[in-house]
Amino acid sequence: MTASNHTGVSHTVFYLLGIPGLEDQHVWISIPFFISYLIALLGNSLLVFLILTKPSLHEPMYLFLCMLAGADVVLSACTVPQALAIFWFHAGEISLDRCIAQVFFLTSTFMSESGILLVMAFDRYIAICYPLRYTAILTHALIGKIGATIFLRSYGTVFPVIFLLKRLTFCKSNTIPNTTCKHIVLAKISCDDIRVNIWYGFFVLMSTLVLDVVLIFVSYMLILRAVFHIPSRDARHKALNTCGSHVCVIILFYGPGIFSVLTQRFGRHVALHVHVLLANVYTLIPPMLNPIIYGIKTKQIRDLVLKVLFFLKKKYVQTPLINISFSIGIQEINYLRF
């Protein structure tokens with residue numbers, strides 16, 4: 001049905017409902033959202049700071065991890081502040097342009113993370129299969145080009161979505177039953193034929209996320225084949241251990257997203273608030289847990305984090321003692337003078 005059969009009025013302001021059916025629980029739901037957001041911001045910002053400031057971490061694996069941490073910060077910032085504003089202040093009003101901008105940055109950042117995880121799988125393949133040529137292959141110049149390609153692919157693929165949404169007439173409703181703006185969720189409340197949006201969304205999904213998953217799977221098949229040809233058992237264990245953090249992050253990133261898609265496709269009788277909560281999981285859990293996983297599993301990062309925390313604790317404890325000693329010294333001088 002086209003817009004010509006309606007009044008011709010197209011909404012330019014929308015209202016995000018948050019989690020439909022659980023409006024009276026929004027304050028309680030905001031607690032895990034807020035805690036996850038704080039951990040994601042602090043953990044990923046600390047990772048980026050350590051990797052950029054410590055020359056010992058200027059290796060390919062850590063530079064790719066820096067990209068992942070930066071993308072996690074953007075992914076959290078695109079979604080959680082808006083959700084918290086709805087939960088705390090009922091501030092769900094959003095303009096069409098801002099809604100489309102949120103769709104663009106949320107989708108492109110999600111695809112950037114997928115591309116970074118693919119490159120990190122390639123990094124592990126080179127490190128295990130060609131250890132002597134590792135730094136010669138993955139030079140800083142190549143890493144910079146790979147990073148630029150990942151982000152250009154993401155932004156270039158999602159850019160047409162702006163025009164696909166701009167062409168629609170929103171004369172049905174101006175309420176969005178979600179915490180954030182999503183491409184198909186926004187398209188479904190329009191009055192126009194959205195088949196182009198659906199097919200383009202399917203094309204984007206297949207050409208980025210699905211392709212990345214397939215290539216990651218192939219990379220790990222090659223890695224496993226190389227590992228099982230290593231004669232030493234300790235060397236095999238060490239090689240597999242270097243992939244442990246990456247595998248955990250892959251499961252955390254793709255698992256909730258795939259489960260959410262399957263639930264939307266086959267769980268027609270599942271309550272709407274369950275769909276919305278599941279859709280929020282992949283923007284909350286991975287950014288929060290990624291720095292924790294790499295902090296625990298990677299010795300160099302773990303040691304640096306402990307050193308930073310110990311330095312801050314030592315500084316906090318010693319400062320009052322220094323002030324006390326300084327005050328005592330001043331009093332002694334005054335006593336001797338008078």
Side-chain angles (χ1 to χ4, degrees), residues 44 47-48 51 57-72 74-75 108-154 157 204-230 235-259 261 282 285-287 289-301:
N44 288 292
L47 268 182
V48 172
I51 294 170
L57 296 182
H58 290 177
E59 297 178 9
M61 181 181 76
Y62 300 114
L63 293 175
F64 291 132
L65 177 57
C66 183
M67 294 180 195
L68 183 67
D72 278 336
V74 176
L75 188 65
S108 59
T109 305
F110 192 76
M111 290 179 182
S112 296
E113 286 215 27
S114 179
I116 294 167
L117 290 176
L118 170 61
V119 174
M120 292 175 80
F122 175 71
D123 167 78
R124 291 300 84 205
Y125 169 75
I126 298 295
I128 292 172
C129 298
Y130 305 98
L132 299 179
R133 299 175 56 197
Y134 178 63
T135 54
I137 295 174
L138 291 175
T139 62
H140 285 181
L142 180 61
I143 292 170
K145 292 175 183 178
I146 289 172
T149 303
I150 289 171
F151 293 112
L152 285 174
R153 182 195 75 158
S154 303
T157 305
V204 170
L205 180 68
M206 296 300 296
S207 63
T208 54
L209 298 180
V210 174
L211 180 62
D212 290 349
V213 170
V214 172
L215 293 176
I216 289 172
F217 179 78
V218 172
S219 297
Y220 270 96
M221 289 299 100
L222 295 173
I223 289 171
L224 289 174
R225 188 181 70 173
V227 167
F228 288 123
H229 280 84
I230 298 175
R236 287 200 301 268
H237 178 75
K238 185 178 179 180
L240 289 174
N241 192 49
T242 62
C243 301
S245 302
H246 186 240
V247 172
C248 291
V249 170
I250 287 172
I251 294 171
L252 279 174
F253 181 78
Y254 291 109
I258 293 172
F259 188 70
V261 170
Y282 66 79
I285 303 301
L289 293 182
N290 286 353
I292 296 174
I293 290 171
Y294 276 100
I296 293 173
K297 298 281 289 182
T298 309
K299 185 179 183 301
Q300 292 92 327
I301 293 175

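Start at 1 with the first residue, then count along the sequence.
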Colleague: Mind checking what makes ring pair (Phe, Tyr, Trp, His ring centres under 6.0 Å) contact with F64, not counting sequence neighbours?
Modeller: none
Colleague: Which residues pass the side chain to side chain donor-acceptor pair (under 3.5 Å) test with N290, not counting sequence neighbours?
Modeller: D72
Colleague: Could you pull out all residues at least two apart from T109 that satisfy side chain to side chain donor-acceptor pair (under 3.5 Å)?
Modeller: none
Colleague: Answer yes or no: is there a side-chain heavy-atom contact under 4.5 Å between L117 and H246?
Modeller: yes
Colleague: Among all residues two or more places apart in sequence or in another chain, which pass the ring pair (Phe, Tyr, Trp, His ring centres under 6.0 Å) test with Y254?
Modeller: none
Colleague: Considering residues at least two apart in sequence or located in another chain, which fulfil the side chain to side chain contact (heavy atoms under 4.5 Å, CB included) criterion with L240?
Modeller: L224, V227
Colleague: For residues 124-135, pull every pair meeting salt bridge (charged side-chain N to carboxylate O under 4.0 Å, His left out), keeping only residues two or more places apart or in separate chains.
Modeller: none
Colleague: Holding to side chain to side chain contact (heavy atoms under 4.5 Å, CB included), I want the full list of residues that pass it with L222, two or more places apart in sequence or in another chain.
Modeller: Y125, V218, R225
Colleague: According to side chain to side chain contact (heavy atoms under 4.5 Å, CB included), who are the partners of V48, at least two apart in sequence or on a separate chain?
Modeller: L52, C66, A69
Colleague: Any chance NE2 of H237 has more than 12 other-residue heavy atoms, nucleotides or ligands included, within less than 6.0 Å?
Modeller: no
Colleague: With sequence neighbours left out, write down each residue that passes salt bridge (Lys or Arg N to Asp or Glu O under 4.0 Å) with R153, or none if nothing qualifies.
Modeller: D212
Colleague: Restricting to pairs with a member in residues 138-148, which pass side-chain hydrogen bond (donor to acceptor under 3.5 Å, both in side chains), not counting sequence neighbours?
Modeller: none
Colleague: Kindly write out the residues that satisfy side chain to side chain contact (heavy atoms under 4.5 Å, CB included) with L211, not counting sequence neighbours, or none if the list is empty.
Modeller: L215
